[in-house]
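The structure appears right after this line, and notes come after that.
Proteins come first, then strands; the chains are lettered A, B, ... in the order of their sequence lines, and each starts at number 1.
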2 protein chains.
Amino acid sequence: MAEPVPSGGSIAEPLKSLGLTKYEALVYVALLKASGATATELHELSGVPRASVYPVLERLSQKHLVSVSNTSPKRFNPVKPDDAIDLLMRSIESDATRAKTELSRVYAQAERPARGDQELIWSIHGDDQIRSRLFELLRGARSSVQIIFYWDHLKEELITTLLSLAATVRVDIITDRFTTPVPDRIHVTVRTPPESHGIATGKCMAGGVVIVDGKQAMVVMGSKEEGFTALYSEASGFIRFFTMYWNFFSSWIRT
Amino acid sequence: MAEPVPSGGSIAEPLKSLGLTKYEALVYVALLKASGATATELHELSGVPRASVYPVLERLSQKHLVSVSNTSPKRFNPVKPDDAIDLLMRSIESDATRAKTELSRVYAQAERPARGDQELIWSIHGDDQIRSRLFELLRGARSSVQIIFYWDHLKEELITTLLSLAATVRVDIITDRFTTPVPDRIHVTVRTPPESHGIATGKCMAGGVVIVDGKQAMVVMGSKEEGFTALYSEASGFIRFFTMYWNFFSSWIRT
DNA sequence: TAAATGTTGTTATCACAAAAACAACATAGG
DNA sequence: CCTATGTTGTTTTTGTGATAACAACATTTA
């Protein structure tokens, strides 16, 4: 018995994002396994140095995660995990909403030079950010959307978004496999590019190009393992290059 | 211009609970005020050392809170505050739910010596914990509840909870001001204790005693500023003492 | 009873890593 | 040339992790 509980380490890990230190997490988990334990028992059970157990339990008590007995030796009781985590989350959530309102106010008040985004090429990291910016971009389309995509994980959402665009928007799609029926204003070209072309080769590589209204362009590439990277720009050179790329790709693919 | 932004410090504060460091928060807030700024501009605007701005922006980029341009000098754009905070919160929430399930499993599997709570007196800190344990205790009442409370902030919830108890539970209440009509099985004694008694003196002091089924007792005291502290016990001596206290208080108050 | 032993709770101290703050340097662009 | 940028390295600081020593008290053993 009294093994160092290798699983305890992994269990304690997510607690650290909730504001607990390593020791706090370890002791709390140990206390869950032995409610009403003494400091020494917790020391043995958690692997935390005995002398450190006392200040750690003090901190946990101040965070309202444990209650303490008045006996000698002191005994400790954990707050039920659900209550404890709800407690921590409430605190974090309140901070989050406060931050949200204050930061949104700051962001709204800041006068943004409209030229800020012009002539620059932005790198975007993170699947969520890319997704968010991509659909924001598409929903802003007014006259035309030209899109090449060779990926799967956003295909459905992408198609429904494209279909929901106003009828005045001309949509050109180049992709592999496409089964959904579409209205006339949407032109779909299906073609699996050869391996040599580099895009969509093998397992998880994916990529895409989106040009909206001939004024905004976004390029995405990456793999599911290494994550995705995207470029976005309204710079004329950037637009020209990828419009040319689109034209070339489009005509080449019809051969 | 370029004042050190004293408000920035307080605005950046709640971001730290979301896993950002001081610098990360400061730079992000500064970037909200000046989208598309360069590293040097952010240094001047945030007060963060210029050399530190680069690694900080690198970290923010990895956390998907900013996007970077490819120009020279580099320019940076913030992710919209709402998106950014939602992003951070989602990550924390997923950790929280994971922790909740795993910890609940641990807590459920642990065999809890039923005698653990016996004969011990537990200190409980934190308004929420006290509230939670208090109502848990009341809802567990089977035959009797004796309660003295001189506080306001839980009065309503307390009364509704007491009214919702089974008809087989005899309820005795001693408190100040009481207006709600109650069924016969509930006995209410109203009396404002003199200042000298020490309970409920002045502004925000408050206190209370609860005895459930003659087997469990909880005592609460504190002030709204300093917070509350509670004692809970099933120890016979503890119960005896406060039952006696209750009897004394009850008879004295009727004079 | 008195000495030896063990446990508890506390305090002081040291080690270590991350973050914060500063200094130095190479270089690109005006 | 000079300024500003971007990068690198070093120092200081802070919070946490880790070890040792200590007083108070209880228990055991001679």
Among C:dT11, D:dT16, C:dA19, which is the nearest nucleotide to the side chain of A:Ala51? C:dT11
Output the rounded distance in Å from CZ (A:Arg75) to P (C:dT7). 15 Å
Can you tell me which nucleotide in C:dT10, D:dA18, C:dA24 comes closest to the side chain of A:Tyr23? D:dA18
Which part of the nucleic acid, if any, lies within reach of B:Pro73 when heavy atoms closer than 4.0 Å are counted: base, sugar-phosphate only, or nothing? sugar-phosphate
So do the side chains of B:Tyr245 and B:Ile148 get within less than 4.5 Å of each other, counting heavy atoms only? yes
Could you state the CD-C1' distance from A:Glu44 to C:dT8, rounded to the nearest angstrom? 13 Å
Take B:Pro55 and B:Glu41, find for each the nucleotide of DNA chain D with the closest heavy atom, and name the residue whose nucleotide sits nearer the 5' end. B:Glu41
Give the C-alpha distance, both sets of side-chain angles, the deciding distance and a yes or no for side-chain contact (heavy atoms from CB on, under 4.5 Å) between A:Val56 and A:Leu42. CA-CA 11 Å; A:Val56 164; A:Leu42 290 175; over 6 Å; no
Tell me which of B:Lys74 and A:Glu24 sits closer to the 5' end of DNA chain D, going by the nucleotide each one is nearest to. B:Lys74
Check whether A:Ser123 reaches the backbone of A:Leu231 with its side chain - one donor and one acceptor, N or O, closer than 3.5 Å. no
Figure out the CG/P separation between B:Leu57 and D:dG6, and round it to whole Å. 10 Å
Please tell me if B:Thr21 has a side-chain N or O lying less than 4.0 Å from either OP1 or OP2 of C:dA20. yes
Once you round it to whole Å, what is the distance between C1' of D:dG15 and NZ of A:Lys16? 14 Å
Classify the nucleic acid contact of A:Ser52 as base, sugar-phosphate or nothing, counting any heavy atom under 4.0 Å across all strands shown. base
A:Ser104 (side chain) donor-acceptor with A:Lys100 (main chain) under 3.5 angstrom: yes
Check the distance between D:dG17's C1' and A:His43's NE2 and give it to me in whole angstrom. 15 Å
Check every atom of D:dG17, C:dT8, D:dT19 against the side chain of A:Thr38 and return the nucleotide holding the closest atom. C:dT8
Between the main-chain N or O of A:Gln62 and the side-chain N or O of A:His64, is there a donor-acceptor pair closer than 3.5 Å? yes
Less than 4.0 angstrom between a side-chain N/O of A:Tyr54 and OP1 or OP2 of C:dT10, yes or no? no
